[in-house]
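Okay, so here's the structure we're looking at.
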Amino acid sequence: MSDTRAIPVNASLSTKRSFAAMRHPGFRAQFITFVLAMMADNIEHVISYWMLYQKFHSPALAGFAIVSHWLPFLLFSVASGALADRFDPRRIIQIGMGLFIIASLSWSYFFVTGALQMWQAMVILVIHGCAGVLWQTPNQMLLYDIVGPSDLESAVRLNAMARYLAVLVGPAVGGAILLVFGPAPGIMLNTIFYLPLVLWLMNAPYGPRYRAGTPAPRRAVRGLGDIMQTMRDIKDHSVIVSMTLLAGAASFFVGNAYSSQMPGFANDLGHGDPGASYSLLLAADAAGGLLAGVVLEGGGLLPPKSRTAIVLAMLWCAALATFSLAKTYPLALGFLFAAGFLELSFNAMAQSLVQLNAPSDKRGRVIGLFNMSSLGLRAFSGISVGLLGSLIGVHWSLALSALATLAFAGSLLLLP
């Protein structure tokens, strides 16, 4: 499949400079505050999920926690992008941070009083999920304003690396806070990590007011109508269509559902203490993503091309399928590390291609549609990996899900 729309000339040059986005002072500030906020998100998961397990011992509530985290991305990502098109994305992000803080303070209150009921926990989980959808799409729009098209690939890749860093560090910090301060003071303390991003965005010189040229017309936010209209708007943009479909297939069939099945993999591989084995498997996946960011940024490798993204996704599927069927722990660890490396590589590239090729007056909606596909459809990966796994075992369910994604990605290569 060929790229029918030209990517800005300078976009291909950014990969020739190591850590190109870091040359922008604004991006350095965004990167640091993004890491802190993402770490806070993971710390809240560690403390709240532990307390929910201790109080309710409810698998149904644990399942609701996953659905409530991803379903808002499916329902509201395009609306979030439409809001970022119409209003200042900095303010949308700050509202998202405010919802995160409200969720943390609510957990703290109920942990102190001991009055938490299941319906209240579900409401807080929904607030947390809505906070995420108000953060991610406007944040991706802001990256374009901060670094421009020439260094956008670098910025997207570094932000993806920041996400893996937070996943790697957040649980450890959350566990330490839980042990030292206890659940209620700990999750209250966690709100501090959201504040640097809120404060930086107050006067950060980015957004609609600072864009050169004629401002894009302000369109009304129409909910479902925006989703259908955005689909019609991109149907002739083959790069955007193929990358959105690729991300959607990876999200729908695999997503991150295998992470919740990792204790089962660790136990079946039988390598020493199951707890330590489980932690190492999670760390291997995150470490692979971190290394991808460092190697690809440092070496200026893999300029954004749709065929490259598809091939990387196919290799990711092969690595996951091999991991799922591995019989020895070292082999499983190695292929999970490779899967983390490849996942960051193709996801960051797909997102960059969508942003670079999106029409400027619809960029927020197009990014929102991509996030609806790449993040929102993760709500269904629990069916392909988890529910199917209860019938045929998680090893074969993950392998078959990865192979289904591989077949779909391969078919994208045949598109004109």
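All values derive from a computational prediction rather than experimental measurement. As a basis for the values below, the full set of heavy atoms in this structure was taken, side chains included, without hydrogen atoms, waters or symmetry mates.
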Note, D41 side chain near H128 side chain (heavy atom, < 4.5 Å): yes
Between T191 (side chain only) and M188 (backbone N and O only), is there a donor and an acceptor less than 3.5 Å apart? yes
Answer whether the closest heavy-atom distance between the side chains of S345 and L296 falls below 4.5 Å. yes
List the atom pairs, donor and acceptor, that lie under 3.5 Å between side-chain atoms in residues 61-79 and the rest of the protein, sequence neighbours left out.
residue : atom : partner : partner atom : Å
S68     : OG   : F64     : O            : 3.0
S68     : OG   : A65     : O            : 3.1
S77     : OG   : F73     : O            : 2.6

Could you list the residues that satisfy side-chain hydrogen bond (donor to acceptor under 3.5 Å, both in side chains) with Y164, not counting sequence neighbours? E343
Keeping R232 on the side-chain end and I227 on the backbone end, is there a donor-acceptor pair under 3.5 Å? no
Could you give the distance from CG (L199) to CE (M97), rounded to the nearest 0.5 Å? 12.0 Å
Nearest atoms (heavy-atom pairs only) where A155 meets V147: CB-CG2, 3.8 Å
Is there a side-chain contact between L375 and S251 in this structure, where contact means two heavy atoms from C-beta onward sitting under 4.5 Å apart? no
What pairs with I127 under side chain to side chain contact (heavy atoms under 4.5 Å, CB included), at least two apart in sequence or on another chain? L99, A103, V123
Using distance alone, with no hydrogens and no angle criterion, decide if N159 and Q30 have a side-chain donor and acceptor under 3.5 Å apart. yes
Side chains of I392 and L400: closer than 4.5 Å at any heavy-atom pair? yes
Any side-chain heavy-atom pair of I101 and L195 under 4.5 Å: yes
Determine which pairs satisfy side-chain hydrogen bond (donor to acceptor under 3.5 Å, both in side chains) with at least one residue from residues 99-111, sequence neighbours left out, and list them in order. E44-S104, E44-W107
Full working for side-chain contact (heavy atoms from CB on, under 4.5 Å) between I32 and W200: CA-CA 10 Å; I32 294 170; W200 175 68; over 6 Å; no
Does some side-chain heavy atom of M349 sit less than 4.5 Å from a side-chain heavy atom of M243? no
State the CG-CD distance between L143 and Q355, to the nearest 0.5 angstrom. 6.5 Å
Nearest heavy-atom neighbours spanning I47 and G186: CD1-C, 4.0 Å
Passing candidate, ring pair (Phe, Tyr, Trp, His ring centres under 6.0 Å) with W316, options F323, F335, F346: F346
Between R90 (side chain) and G207 (backbone), is there a donor-acceptor pair under 3.5 Å? no
With sequence neighbours excluded, tell me which residues meet ring-ring contact (aromatic ring centres under 6.0 Å, His included) with W135. F34, F100
Apply side-chain contact (heavy atoms from CB on, under 4.5 Å) to residues D151 and R23 and explain how you reach the verdict. CA-CA 9 Å; D151 292 329; R23 300 168 187 265; 5.7 Å; no
How about L201 and L142: do any of their side-chain heavy atoms sit closer than 4.5 Å? yes
For the side chain of S154 and the backbone of A21, is there at least one donor-acceptor N/O pair under 3.5 Å apart? yes
In sequence, state the C-alpha distance, the side-chain angles, and the governing distance for L281 and L333, and then conclude on side-chain contact (heavy atoms from CB on, under 4.5 Å). CA-CA 6 Å; L281 288 174; L333 203 66; 3.7 Å; yes
Would you mind telling me which of T230, D233, D85, T137 makes a side-chain hydrogen bond (donor to acceptor under 3.5 Å, both in side chains) with R365? D85
Hydrogens and angles aside, do N347 and Q351 bring a side-chain donor and acceptor to less than 3.5 Å of each other? no
Tell me whether T405 contacts the main-chain N or O of C317 through its side chain, where contact means a donor paired with an acceptor under 3.5 Å. no
Distance check, rounded to the nearest 0.5 Å: L245 atom CG versus F252 atom CZ? 13.5 Å
Between E153 and P304, what is the shortest heavy-atom contact and its length? OE1-CB, 3.9 Å
Inter-residue atom distance L152.CG - D145.CG, 0.5 Å rounding: 10.5 Å
Contact between N42 and M38 at the side-chain level, heavy atoms closer than 4.5 Å - yes or no? yes
Could you pull out the closest heavy-atom pair between L246 and A309, with the gap in Å? CD2-O, 3.9 Å
So, are R209 and D88 salt-bridged, with charged N and O less than 4.0 Å apart? no
With rounding to the nearest 0.5 angstrom, report the NZ to CG distance, K327 to D268. 9.0 Å
So which atom in I95 and which in L134 form the shortest heavy-atom distance, rounded to 0.1 Å? CG2-CD1, 4.0 Å
List in chain and number order the residues that pass side-chain hydrogen bond (donor to acceptor under 3.5 Å, both in side chains) with R28, two or more places apart in sequence or in another chain; answer none if no residue qualifies. none
Measure the CG-CG distance between L36 and N190 for me, rounded to the nearest 0.5 Å. 10.5 Å
Write down the atom of L320, the atom of A339, and the distance for their closest heavy-atom approach. CD2-CB, 3.9 Å
Flag, side chain of S374 to backbone of A247, donor-acceptor distance under 3.5 Å: no
What verdict does the side-chain contact (heavy atoms from CB on, under 4.5 Å) test give for V366 and R363, after you've listed the backbone C-alpha separation in whole Å, the side-chain angles of each residue and the deciding distance to 0.1 Å? CA-CA 5 Å; V366 173; R363 181 170 290 115; 5.8 Å; no
